[in-house]
Amino acid sequence: MKQYLLLILVIVVFVSGIFVGYSIFKPQIVKEQVNSQTILQTLRSEGFLVTQTYILNQKVTIDKNTGTMWKDFFWGQSIEASAVLKVSSGVDLTKLTENDILIGNKEITVTLPQVQIQSTELISDIELRNTQGILKKIFNDDDGYNLALSKLKEQAQLSAQQDSLLREAQTNTQKEIQRLMRLAAQDWNVKVEFK
């Protein structure tokens with residue numbers, strides 16, 4: 001009987017030691033303070049935040065003719081090109097400063113730079129039709145690919161900068177910033193503005 005009591009006493013002392021040790025040395029949950037510096041670091045770590053991607057079917061016509069029949073017959077060039085391009089828009093969060101983040105009364109106001117185009121990429125092959133004058137074809141043959149690619153990208157960027165598309169990109173940016181801020185400051189109201 002003494003052996004059982006001794007065994008029970010050892011188990012009780014062991015369990016009590018574990019409980020007391022855990023109570024003393026348990027990991028403390030450190031609640032991070034919400035201030036403009038922590039928010040700034042959180043947002044800057046995202047870099048360029050792409051919030052909108054457009055797929056555009058672009059067509060361009062490049063006319064390098066002078067309007068003089070004989071000159072165009074020998075040296076003229078006309079290029080028609082079409083391709084599918086992807087334009088990505090968003091906000092460069094690395095440009096944020098502490099002045100762009102205002103904190104007060106459980107509300108965070110983030111002032112972002114304007115939405116801008118981050119990249120324009122060619123998705124499909126360029127369909128190209130190139131008409132050149134006789135002497136241009138012989139002495140200065142130019143397939144027109146590089147010029148067509150440049151003009152297609154330029155046209156796609158202009159299309160992506162329409163007011164309705166920029167408003168859509170801004171709305172998506174606001175939603176994404178609010179989602180990111182909920183990770184850093186869960187119980188705070190987040191307001192997103194643009195410069």
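Quick caveat: nothing in here was measured; it's all calculated off a predicted structure.
Note that CG of Asn146 and NZ of Lys151 are 13.0 Å apart. Values are rounded to the nearest 0.5 Å. Atom CD of residue Gln52 and atom CD1 of residue Ile117 lie 11.5 Å apart, to the nearest 0.5 angstrom. Separation of atoms NZ (Lys95) and CG (Leu112) is listed at 12.0 Å; rounding is to 0.5 Å. Here CD1 of Ile39 is found 7.0 Å from CH2 of Trp188. Values are rounded to the nearest 0.5 Å. Taking CD of Glu176 as the start and OG1 of Thr171 as the end, the distance is 13.0 Å to the nearest 0.5 Å. The structure places CD of Glu154 at 11.0 Å from CD of Gln58, a figure rounded to the nearest 0.5 Å.
Of the residues Leu93, Thr51, Val50, the one that meets the side chain to side chain contact (heavy atoms under 4.5 Å, CB included) test with Thr173 is Thr51.
The shortest distance between side-chain heavy atoms of Tyr54 and Lys86 does not fall below 4.5 Å. Taking 4.5 Å as the limit, every side-chain heavy atom of Ile108 sits out of range of all side-chain heavy atoms of Lys191. Contact check for Asp100 versus Val110: no side-chain heavy atoms found under the 4.5 Å cut-off. Inter-residue side-chain proximity for Leu43 and Met181 is flagged as met; some heavy-atom pair is nearer than 4.5 Å. Within the 4.5 Å cutoff, the side chain of Ile123 has heavy atoms near those of the Ile55 side chain.
Judged by distance alone, the side chain of Ser159 and the main-chain N or O of Gln155 form a donor-acceptor pair under 3.5 Å. Checking side-chain atoms of Asp92 against main-chain N and O of Thr94 turns up a donor-acceptor pair under 3.5 Å. Between the side chain of Gln178 and the backbone N or O of Val190, at least one donor-acceptor pair lies under 3.5 Å. Counting only distance, with no hydrogens or angles, the side chain of Glu80 and the backbone of Thr61 share no donor-acceptor pair below 3.5 Å.
Hydrophobic clustering (ILVMFWY, side-chain heavy atoms < 4.5 Å, transitive): Leu56 and Leu166 are in distinct clusters. Leu180 and Leu96 fall within the same hydrophobic cluster, defined by Ile, Leu, Val, Met, Phe, Trp and Tyr side-chain heavy atoms under 4.5 Å apart, directly or through other members.
Applying the side chain to side chain contact (heavy atoms under 4.5 Å, CB included) rule to Val12 yields the partners Ile8, Ser16; only residues at least two apart in sequence or on another chain are considered. Looking at residues two or more places apart in sequence or on another chain, you find a side chain to side chain contact (heavy atoms under 4.5 Å, CB included) between Ala83 and Leu85, Leu122, Ser124, Ile126, Leu152. Annotation: side chain to side chain donor-acceptor pair (under 3.5 Å) contacts of Asn57 (sequence neighbours excluded): none.
Ion pairing between a basic and an acidic side chain is recognised when a charged N comes within 4.0 Å of a carboxylate O; Glu46 and Arg44 show no such pairing.
Heavy atoms of other residues, nucleotides or ligands lying less than 6.0 angstrom from CZ of Arg129 number 12 at most. Counting non-hydrogen atoms of neighbouring residues, nucleotides and ligands closer than 6.0 angstrom, the CD atom of Glu127 reaches no more than 12 such neighbours.
In this structure, Phe48 and Gln116 approach most closely via the heavy-atom pair CE1-NE2, 3.4 Å. Across every non-hydrogen atom of Leu49 and Ile177, the tightest pair is CD2-CD1, 3.8 Å. Nearest heavy-atom pair across Pro113 and Lys195 is CA-CD, 4.4 Å. In terms of heavy atoms, Gln114 sits closest to Phe194 at NE2-CB, 3.6 Å. The minimum heavy-atom distance linking Val115 with Ser89 is given by the pair CG1-CB, 4.1 Å.
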Query raised in the report: Yes or no on side chain to side chain contact (heavy atoms under 4.5 Å, CB included) for Glu193 and Thr109, after CA distance, side-chain angles and deciding distance?
Result: CA-CA 7 Å; Glu193 299 174 346; Thr109 304; 3.9 Å; yes
